[in-house]
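In what follows, a single structure is set out as structure tokens and then discussed.
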Protein chains: 2
Amino acid sequence: MSAASKPMYQQLKDLIIGRISAGELRPSDRVPSENELVEAMNVSRMTANRALRELTDEGYVRRVAGRGTFVADLRAGSHVLEVHNIADEIERRGHSHSSVVIRQSLQHARGEVAKALHIEQGSDVFHLLLVHRENGTPIQLEDRHVLAGFAPDCMEQDFTTVTPSAYLTAISPLQEAEQVVRAVMPNAAVRSHLQMRDDEPSLVVLRRTWAHGAPVTFARLHHPGSRYELAGHYTPPGTPKSATGTVVELEKLRQ
Amino acid sequence: MSAASKPMYQQLKDLIIGRISAGELRPSDRVPSENELVEAMNVSRMTANRALRELTDEGYVRRVAGRGTFVADLRAGSHVLEVHNIADEIERRGHSHSSVVIRQSLQHARGEVAKALHIEQGSDVFHLLLVHRENGTPIQLEDRHVLAGFAPDCMEQDFTTVTPSAYLTAISPLQEAEQVVRAVMPNAAVRSHLQMRDDEPSLVVLRRTWAHGAPVTFARLHHPGSRYELAGHYTPPGTPKSATGTVVELEKLRQ
DNA sequence: CTCTCAAAGTTGTATATACAGGCTAGACCA
DNA sequence: TGGTCTAGCCTGTATATACAACTTTGAGAG
């Protein structure tokens, strides 16, 4: 579990990452070429190639055929926040998730919904309104519109057992999404559903999801500001999927 | 620029992504093994290996030595939000960024700051307080504490020309970060600095940044709720760096 | 019938080799 | 002096081969 077990290409990557991290190699500096690594480290060129290629994919370096490999510009401060499905998020905290369906109806799309879904005013859409609870406490009001043609059996679903999100991703995989996060003052209806104080702001996530190249659902997710936050952990390039599972200990720091 | 020019390993990737995207291959289904691809597509095993390995890195499939390659669980709803440096963000919008330094002093770390930075109460920290403006309008109040030992020349910097973020990333590359987003009601001081209405909520980003394995700076970034939002565009796995540059057209949809 | 173990299939890594194509410096020519 | 062009280095891709390690299956021994 210690050192010698790592594969050679990984050792090469670690070596170069180490030099960059230590400041020995700075942005736009040239890093050893494949052939130089071959001679210095006594490996084959394909192994050196794999190391440098993966470092490129992970954003550490930039390669130019004919010129060489250079330290990348260290993305000037772009941090990542992962926004999870509310049910998954609650479950990951080890808490219990439940939801109450307030409305589940077929409607005609009006103004902003029609615009968001790229459909004509008056087209059929399903409207879902439900409250998600964490250990019994309201934590999210989900106000969702779904293209009627995309989910014909939407009215037959029991959304207290399967969340709309899970239902929709089961219909069609591999979707694209766009989202916006805002701080707003909720209206009385939202406040009531989420059991919020009069002067409490709300964290709102607007999310529009695509399937097969067209938007199919648009959701407004309201959260009580005093009981909800988005948390994210960012580690340098080489960590595409470890964001899940990192623990955030930044809890007691209220302004 | 059309079809035949793509390298073989990319054609293999596209072929398998196509089958997944079309629903022909569903999560946990087995995808062709390397040797099967070798025979079917008339390529060498290393080429098939590269295609499947990259699909693994990009999250499309999951591989188990001895068993095979299987379609991954299509991340059950994990969406990504990129949070950029405020100056970069403003510049990307084609607007002008300026900032006003309100405080730049050496202090002794108290309570929450000491805790966030993992240092003793009373340790030396620099305190920076500045307002960032977009086309003259206040858009962010940056309240930052920096470990004194990490940036000894912090007091000599002119933070109206180089943002604290740019200054700090120049000192040490490759850092780790943790952040939390909240909706809160700002106090009078914050409201005043950001020229906010009395009943306007604030979107707050708490960000703690590591270097060399230890936290070195802790920032509270306050934004006026009516003039600021976080936006993100999510495209399926194979898009590690294209998140920058996607246009969000979800603007006029107020709750 | 049950246990053991070997065979076959699978991924993971590593090497040697080959050719195509981009880029640059310096030799060479006019 | 000035322009051209080639030799040499670099990355990008592709192949053939080899061995290690893991998993399942089934044959064979007891």
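By convention in this document, chain letters (A, B, ...) are assigned in the order of the sequence lines, proteins followed by strands, and residues within each chain are numbered from 1.
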Any chance you could list the contact pattern along nucleotides 10-21 of chain C? Use B for base contacts, S for sugar-phosphate-only contacts and - for none, protein heavy atoms under 4.0 Å, 5' to 3'.
-> BBBBBBBBB---
side-chain hydrogen bond (donor to acceptor under 3.5 Å, both in side chains) filter on A/Ser33, not counting sequence neighbours, yields none
Whole-Å distance, A/Leu55 CG to D/dT11 C1', equals 15 Å
Selection residues 34-45 of chain B - residue pairs positive for salt bridge (Lys or Arg N to Asp or Glu O under 4.0 Å), sequence neighbours left out | B/Arg30-B/Glu36, B/Glu34-B/Arg45, B/Glu34-B/Arg63
Return each pair, listed once, that meets salt bridge (Lys or Arg N to Asp or Glu O under 4.0 Å) where at least one residue sits in residues 7-18 of chain A; pairs must be two or more places apart or across chains.
-> A/Lys6-A/Asp14, A/Lys13-A/Glu54, A/Lys13-A/Glu58
Under the side-chain hydrogen bond (donor to acceptor under 3.5 Å, both in side chains) test, which residues partner A/Ser98, sequence neighbours left out?
-> none
Partners passing side-chain hydrogen bond (donor to acceptor under 3.5 Å, both in side chains) against A/Ser96 (at least two apart in sequence or in another chain) | A/Asn135
